[in-house]
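What follows is one structure encoded as structure tokens, with my remarks underneath.
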Number of protein chains: 4
Amino acid sequence: MPNEKGPDHSRRKERSRQAILAATRALVAEEAYEKVTVEAIAARAGVGKQTIYRRWPSKSAIVFAALLALSEDTDGQSVALPDTGDLEADLKLVMRATAEEFADPSFDRLIRALNTEISNDAALAAEYREKLVQPLEAAKKARLRSAQDAGQLDADADLDLVLEVLYAPLFQRWLHRSGPLSATYADSLVDVTLRAFGP
Amino acid sequence: MPNEKGPDHSRRKERSRQAILAATRALVAEEAYEKVTVEAIAARAGVGKQTIYRRWPSKSAIVFAALLALSEDTDGQSVALPDTGDLEADLKLVMRATAEEFADPSFDRLIRALNTEISNDAALAAEYREKLVQPLEAAKKARLRSAQDAGQLDADADLDLVLEVLYAPLFQRWLHRSGPLSATYADSLVDVTLRAFGP
Amino acid sequence: MPNEKGPDHSRRKERSRQAILAATRALVAEEAYEKVTVEAIAARAGVGKQTIYRRWPSKSAIVFAALLALSEDTDGQSVALPDTGDLEADLKLVMRATAEEFADPSFDRLIRALNTEISNDAALAAEYREKLVQPLEAAKKARLRSAQDAGQLDADADLDLVLEVLYAPLFQRWLHRSGPLSATYADSLVDVTLRAFGP
Amino acid sequence: MPNEKGPDHSRRKERSRQAILAATRALVAEEAYEKVTVEAIAARAGVGKQTIYRRWPSKSAIVFAALLALSEDTDGQSVALPDTGDLEADLKLVMRATAEEFADPSFDRLIRALNTEISNDAALAAEYREKLVQPLEAAKKARLRSAQDAGQLDADADLDLVLEVLYAPLFQRWLHRSGPLSATYADSLVDVTLRAFGP
DNA sequence: AAGTAAGCGAGACGGTACGTCATGTCTTGCG
DNA sequence: CGCAAGACATGACGTACCGTCTCGCTTACTT
């Protein structure tokens, strides 16, 4: 039995909440992050500033929640990676898709904003890891473990390390804009990883 | 030919320039980056705000210049990596040193500030690559090329890719605080890289 | 003819009404008027804000109603001034009492609040005159008329003017804090008035 | 020798100060006082809000300063009342002028605002008395003293009281809108006063 | 005694203005 | 003449109230 004293305003709450998160995503996607103001979010969402500050303590937290909500929508489906039995093919598929994703300008701005926030706020970083990264990593590790069982990957390999070798170069290239995120590049990361951790 | 009309104010200029950069480094090292204000820098440096804005167009640029100046001081010495002939040993030495560096809190804040700026400003990112990253990468590649000549590394390996596999995982761990930056970890990155790109 | 559909909730209505007016008086008496908020009144009265706005259109109106209610309680008794036959003695009694009243701090704040409102809102001023001032003035004029009949006051005197000469100096001194509201002062106002309007 | 360390920015200061005071007077004259916002004053004056808050702590203080400045402009000339030797004629002239002044709508709003402030802030009231009221009262008393010397006024009369009897009824009528401020009314106040305090 | 509907407390909401803070520009007089 | 000092216009911040709007719950009357 829930211990809720007051009346239930959940319908209004939910409506304004969604309006705020949608407005935030729209603004972050279309402008530089520092130019996104809480006032602009409120105006775009058709909401008073106080309604925002009642729920979130800072712009970081709003942006974070906005992105979090985005992925929570698609939770059920996306947590499993393809497993055709061919590890190399499966990984290349995923890595090419990831590389393409980073190339989308509005996605780019969203993720840069997110990275800026979590880089400068350890608490947000922890929440980010727990809610977004870990579920995804669990799915990836499941695929790798299946590959280990099939003898396509060193059975003793540290899967965290495998994932880092696979993804970190792509991430760093994107963050520092230090090179093209081509399909070829995605493929070579898979090749390198398999050479390093192959049986 | 220098302008010989007036007195030589270059000494004052240089003195105030150094004071500003030092004050910036001190402030960025001791506080969260967003809390560092131009006014605080001016006050700490004993300088008028206009003297800062006359030289740099934005806070990003000041911070960037402050860090740039830091590494320019040690340019001559640091551009060469050790080359004992033992690639694995040399790399482990360097990687362990790098991992330790990231653990220093004031260095941590400086580099996080820098990363935030270059992640959100492509022009700064380009300058950063040109002035700081490329000289360092050139030195690293020189060491790798020496290893290729010695037959310790695949002669066809893409050295940019080698460097990414070596450094990007460490960088990502630090940025996202997703794991310890231990000597053991530094060593395994070298091991992985050598397995992937060994002859 | 009353609407006979529903039950009569007048008891609840009356109770909350009184609670609101009492809370308003208490707050206005104990704090600066601008710091009295509708929210505070509602909280103090243990009442929802809507219950207030259902009855009154503005804070002014509430405060006004609160003071109005205060004097309506004592209506029956207070509308007659003493008439001992000695005009001077009677007026001095009343004027001294008035002067003392203004000295009471909580009364002071209430009346200042009221004056602020009616000074800036002509409609409220009209209502104030009709409901509070005129009954009182009627009583005062009755006493003066009795004095005229007794030959103690010029039979042609404009009684409105007499009352102004008698009361306005006291009121202005209080409003502008431009001098003490002593019994001596009250007495001299009576003396002046009688000299001006005596037979 | 003044103890002023920094450079003298008095020209800019004075320009913005005058702009603020003028804008304040304009706004208070054209709208209800509660609807005058600091933001509107700043906008109208072409000035930042901070420039206002750097000088004055509250809206009251600005409005007060604005009105104060208004009368300080005309200080030199206005401090003397006419003295033709005919007290009654001189006073009627002044009282009629005063009554007319109160009828001007923009003056009305300004003075109502001022009265609201000084009624609710004792410190402001004191400053108001010192800077505006007392010089004026001194001038009025000088005229009355001249009348005493000429035997047109009781030599023992308390001049403060005389002034109150003369002006307070007019002021109260205006504040409470309790009657017309006609020339006839102005005249009767003079008549009453002379009857009360005549020789 | 149970049913019913008006009124209520609670408090979230869209807004407006507040007073503060940092930015980047402009001005003045000192050194 | 260049600089420190700092005032300035601008614009976002986060807070406080405003007056409006639901939401169950309470209450007083009806059946």
Side-chain angles (χ1 to χ4, degrees), chain A residues 4-13 15-17 19 34-40 42-43 45-55 57-59, chain B residues 5-7 9-10 12-13 15-16 34-40 42-43 45-54 56-59, chain C residues 3-13 15-16 34-40 42-43 45-54 56-59, chain D residues 4-13 15-16 34-40 42-43 45-55 57-59:
Chain A
E4 299 197 355
K5 294 179 197 172
D8 179 14
H9 294 129
S10 53
R11 272 196 285 272
R12 296 179 80 192
K13 261 175 139 155
R15 216 179 316 138
S16 67
R17 183 189 165 83
E34 325 96 50
K35 309 201 75 184
V36 176
T37 67
V38 175
E39 240 143 6
V47 138
K49 269 199 291 180
Q50 199 59 49
T51 302
I52 293 180
Y53 284 112
R54 228 189 313 266
R55 295 202 201 321
S58 68
K59 195 172 66 170
Chain B
K5 280 186 210 162
H9 292 117
S10 57
R12 292 179 81 186
K13 263 176 140 155
R15 216 180 316 138
S16 68
E34 325 95 50
K35 308 201 74 183
V36 176
T37 68
V38 175
E39 233 147 64
V47 138
K49 272 202 290 179
Q50 198 55 242
T51 304
I52 294 179
Y53 283 112
R54 212 174 288 129
W56 297 281
S58 70
K59 193 170 68 167
Chain C
N3 180 346
E4 303 194 353
K5 282 186 206 163
D8 176 13
H9 293 116
S10 55
R11 268 199 287 275
R12 292 179 82 190
K13 263 174 140 156
R15 216 179 315 138
S16 67
E34 326 95 50
K35 307 202 75 183
V36 176
T37 68
V38 176
E39 234 147 65
V47 138
K49 272 200 291 179
Q50 198 56 243
T51 302
I52 293 179
Y53 282 112
R54 212 174 288 130
W56 296 282
S58 68
K59 193 170 69 167
Chain D
E4 298 195 355
K5 292 181 197 170
D8 178 14
H9 294 129
S10 52
R11 271 197 284 274
R12 294 180 81 192
K13 262 174 137 156
R15 215 179 316 137
S16 66
E34 326 95 49
K35 307 202 76 185
V36 176
T37 68
V38 175
E39 242 143 5
V47 137
K49 268 200 292 180
Q50 200 58 49
T51 301
I52 293 180
Y53 283 112
R54 212 175 287 131
R55 295 201 202 318
S58 67
K59 194 171 66 169

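Residue numbers begin at 1 in each chain, while the letters A, B, ... track the order of the sequences.
Listed nucleotides: dC18(E), dC13(E), dC18(F). Nearest to the side chain of Lys13(A): dC13(E). Distances from the side chain of Thr51(D) to the nucleotides dG14(E), dT23(E), dC8(F) place dC8(F) closest.
Contact detail for Ala45(A) and Ala19(A): the closest heavy-atom pair is CB-O, 3.5 Å. Between Val36(C) and Lys59(C), the closest heavy-atom pair is O-NZ, 2.8 Å. Pairing each heavy atom of Ile52(C) with each of Val47(C), the nearest pair is CG1-CG1, 4.1 Å. The heavy-atom pair separating Gly48(B) from Ala42(B) by the smallest distance is C-CB, 4.3 Å.
Residue contacts shown for Arg55(A) are limited to sugar-phosphate atoms, with no base heavy atom under 4.0 Å away. Residue Ser58(C) is classed as having no contact, given no heavy-atom separation below 4.0 Å to the nucleic acid. Within the nucleic acid shown, Arg15(A) has no heavy atom closer than 4.0 Å to any nucleic acid atom.
The shortest side-chain heavy-atom distance between Arg54(D) and Thr51(D) falls under the 4.5 Å cut-off.
Atoms NZ (Lys35(D)) and P (dC18(E)) sit 13 Å apart, rounded to a whole Å. Note: OH (Tyr53(B)) to C1' (dA5(F)) measures 15 Å, nearest angstrom. Atom pair Glu34(C):CD and dG19(E):P shows a separation of 12 Å (rounding to whole Å applied). Distance Glu39(A) CD to dT10(F) P: 16 Å, rounded to the nearest Å. Rounded to whole angstrom, the span from the CD1 atom of Ile52(B) across to the P atom of dT25(E) amounts to 13 Å.
The base of dG19(E) is paired with the side chain of Lys49(D) by a donor and an acceptor separated by under 3.5 Å. Between the side chain of Gln50(D) and the base of dC21(E), at least one donor-acceptor pair of N or O atoms lies under 3.5 Å.
Where Lys59(A) and Thr37(C) each meet DNA chain F at their nearest nucleotide, the meeting point lying more 5' is that of Lys59(A). Taking the nucleotide of DNA chain F with the nearest heavy atom to each of Ala40(A) and Ala45(B), the more 5' of the two is matched to Ala45(B).
At dG7(E), none of the side-chain N or O atoms of Arg54(C) fall inside 4.0 Å of OP1 or OP2 (strictly under the cut-off).
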